[in-house]
2 protein chains.
Amino acid sequence: MATARQKESVELLKAHGLSVTGGRKDILNLFLSRKGALAHADIEKKLGTLYDRVTIYRTLQSFVDKGLIHSIPTKDNSIRYALCKDECASGHHHDHHIHFVCKRCNHTYCLDEVATPSVKLPKGYTVNQVEMVVSGVCQSCQ
Amino acid sequence: MATARQKESVELLKAHGLSVTGGRKDILNLFLSRKGALAHADIEKKLGTLYDRVTIYRTLQSFVDKGLIHSIPTKDNSIRYALCKDECASGHHHDHHIHFVCKRCNHTYCLDEVATPSVKLPKGYTVNQVEMVVSGVCQSCQ
DNA sequence: CGTTGTTTTGCAACAGCGTTGCTTTTATGT
DNA sequence: ACATAAAAGCAACGCTGTTGCAAAACAACG
């Protein structure tokens, strides 16, 4: 099981054109094991003794660049990251789902089954991307 | 005209239970004169010589607390602020409009005429607040 | 399996953002 | 105009994210 996940992360890394290193495997495993988004601070808290702060920053950046994870904007000024679905590729993110932030446990979830509704903008505006973040109370915290 | 705006800002401050000071008037005037959101950095650039950095932070915070302005989350990790409509009061923000970020001029607008569409979440989720940020190209930059 | 060239990591230092404590100055209400 | 309460200024700090460079790890190839 742990080995299965190991294999999965290695495959994912290779499939996205990233060389396989210990740090990348560990960080990717965090994303795979925990459904929900992670902030840099979360990762540092879990792996802080193993890897340098800078390495984590650069790893996250490379993951975003290669379409492995995407960033989620939040009100509290801390960027969170979550795994992308298969449709995302290098340079092209297609996260058409909405994000949910729980006020109790402070976890962030990708609600893949909920698509972002289309919006009608006033004349003259060209839409490029739509971000939707819903906050409230999640299933586990009810 | 400048005096009319002066009066308007004084009224607004008083109406929201804030004492009237030079800094608050100047900062509020910035919001009144410029349609669009402002980041702390923008304000500092315009008024930086007049007021201390800390004063600007505290002023913005008090404006948010009293329901004068609201914050807008962005991907680049810089909080922007925009004027609230009348429905907002101390502690209760009702910004049910969407926000638009232009990729060209990098301005942020409140599209008050566009309401946030309602979303259907999976069972077990309680919705508290919905944030919608659309990015693209604005009217002036077409 | 070892060598070589490239990529990644760790370390140190730095810049920017936002906060806090304390003192001085400014506003408010009587 | 005065006393009291609030805000501004100053200094310092912590946290987040970035950059340059040297050491280490990885990938490809013979």
Side-chain angles (χ1 to χ4, degrees), chain A residues 6-7 9-30 37-66 68-69 71-81 90 106 108, chain B residues 6-7 9-30 37-66 68-69 71-81 90 106 108:
Chain A
Q6 286 292 337
K7 221 169 191 174
S9 54
V10 171
E11 292 308 312
L12 265 173
L13 288 172
K14 284 186 180 170
H16 287 83
L18 289 160
S19 56
V20 179
T21 68
R24 287 179 178 170
K25 274 194 293 185
D26 285 352
I27 292 177
L28 184 49
N29 277 337
L30 278 186
L38 293 168
H40 177 275
D42 300 324
I43 298 168
E44 197 177 340
K45 216 185 292 176
K46 297 221 171 193
L47 305 177
T49 51
L50 289 170
Y51 305 104
D52 193 80
R53 226 161 45 88
V54 179
T55 300
I56 299 175
Y57 279 114
R58 289 201 263 233
T59 302
L60 289 172
Q61 191 55 55
S62 64
F63 281 8
V64 172
D65 291 342
K66 300 289 183 173
L68 249 172
I69 61 177
S71 66
I72 306 166
T74 56
K75 280 226 168 191
D76 65 342
N77 224 17
S78 79
I79 303 180
R80 282 145 195 260
Y81 300 92
S90 186
N106 206 30
T108 303
Chain B
Q6 285 292 334
K7 221 167 189 174
S9 54
V10 171
E11 293 307 312
L12 264 172
L13 287 172
K14 284 186 180 170
H16 286 83
L18 288 160
S19 55
V20 179
T21 67
R24 287 180 177 170
K25 275 195 291 185
D26 285 354
I27 292 178
L28 184 50
N29 278 335
L30 277 185
L38 292 168
H40 177 276
D42 300 324
I43 298 168
E44 199 178 339
K45 216 185 291 175
K46 296 221 172 195
L47 305 176
T49 50
L50 288 171
Y51 304 104
D52 193 81
R53 223 162 47 89
V54 179
T55 300
I56 298 174
Y57 279 115
R58 290 200 262 232
T59 302
L60 289 172
Q61 191 55 55
S62 63
F63 282 8
V64 172
D65 290 343
K66 302 288 183 174
L68 250 171
I69 60 176
S71 67
I72 306 166
T74 55
K75 280 227 169 188
D76 65 342
N77 225 15
S78 79
I79 304 180
R80 284 145 194 259
Y81 301 92
S90 184
N106 207 30
T108 303

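Quick note: numbers below take in every heavy atom, side chains included, and nothing from hydrogens, waters or symmetry partners.
- Heavy-atom minimum distance, B:Ala37 versus B:Arg80: CB-CB, 4.0 Å.
- Of the two residues near DNA chain D, B:Thr59 and A:Gln61, the one whose nearest nucleotide lies more 5' is B:Thr59.
- Atoms CD1 and CG, from A:Ile69 and A:Leu60 in turn, are 5.0 Å apart once rounded to the nearest 0.5 Å.
- When heavy atoms are screened at a 4.0 angstrom cut-off, B:Arg58 is found touching base atoms of the nucleic acid.
- From one end of the helix from C:dC1-D:dG30 to C:dT30-D:dA1 to the other, with five pairs defining each end axis, the axis direction shifts by 40° (rounded to 10°).
- The footprint of chain B on DNA chain C, defined by a heavy-atom cutoff below 4.0 Å, extends from C:dC17 to C:dT28.
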Atom pairs under 3.5 Å, N or O on each side, protein against nucleotides 23-26 of chain D: can you list them with distances?
unit_1	atom_1	unit_2	atom_2	d
D:dC26	O3'	A:Val20	O	3.4

**Request:** Evaluate the criterion side-chain contact (heavy atoms from CB on, under 4.5 Å) for residue pair A:Leu68 and A:Leu18; output intermediate values, then yes/no.
**Result:** CA-CA 10 Å; A:Leu68 249 172; A:Leu18 289 160; 3.7 Å; yes
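- Pairs of residues two or more places apart, or lying in two chains, that qualify as side chain to side chain donor-acceptor pair (under 3.5 Å) and include a residue from residues 46-59 of chain A are A:Asp26-A:Tyr51.
- Using a 4.0 Å heavy-atom cutoff across all strands shown, B:Ile56 reaches no nucleic acid atom at all.
- Residues B:Val54 and B:Arg24 each lie close to DNA chain D; by heavy-atom proximity, the contact nearer the 5' end of the strand is made by B:Arg24.
- Residue B:Leu28 holds its CG atom at 10.5 Å from OG1 of B:Thr21, rounded to the nearest 0.5 Å.
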*asked:* Set out, in order, the CA-CA distance, both residues' side-chain angles and the distance that settles side-chain contact (heavy atoms from CB on, under 4.5 Å) for A:Phe63 and A:Arg24, then state yes or no.
replied: CA-CA 9 Å; A:Phe63 281 8; A:Arg24 287 179 178 170; 4.1 Å; yes
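- Atom CG in B:Asp52 sits about 14 Å away from atom P in D:dA12, given to the nearest Å.
- Residues forming a side-chain contact (heavy atoms from CB on, under 4.5 Å) with A:Lys25 (at least two apart in sequence, or on another chain): A:Gln6, A:Ser9, A:Val10, A:Leu13, A:Val20.
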Listing time: all N or O pairs from protein to nucleotides 13-17 of chain D that are below 3.5 Å?
unit_1	atom_1	unit_2	atom_2	d
D:dG17	OP1	B:Asn77	ND2	3.2
D:dG17	OP2	A:Tyr57	OH	3.1
D:dG17	N7	A:Arg53	NH1	3.0
D:dG17	O6	A:Arg53	NH2	3.0

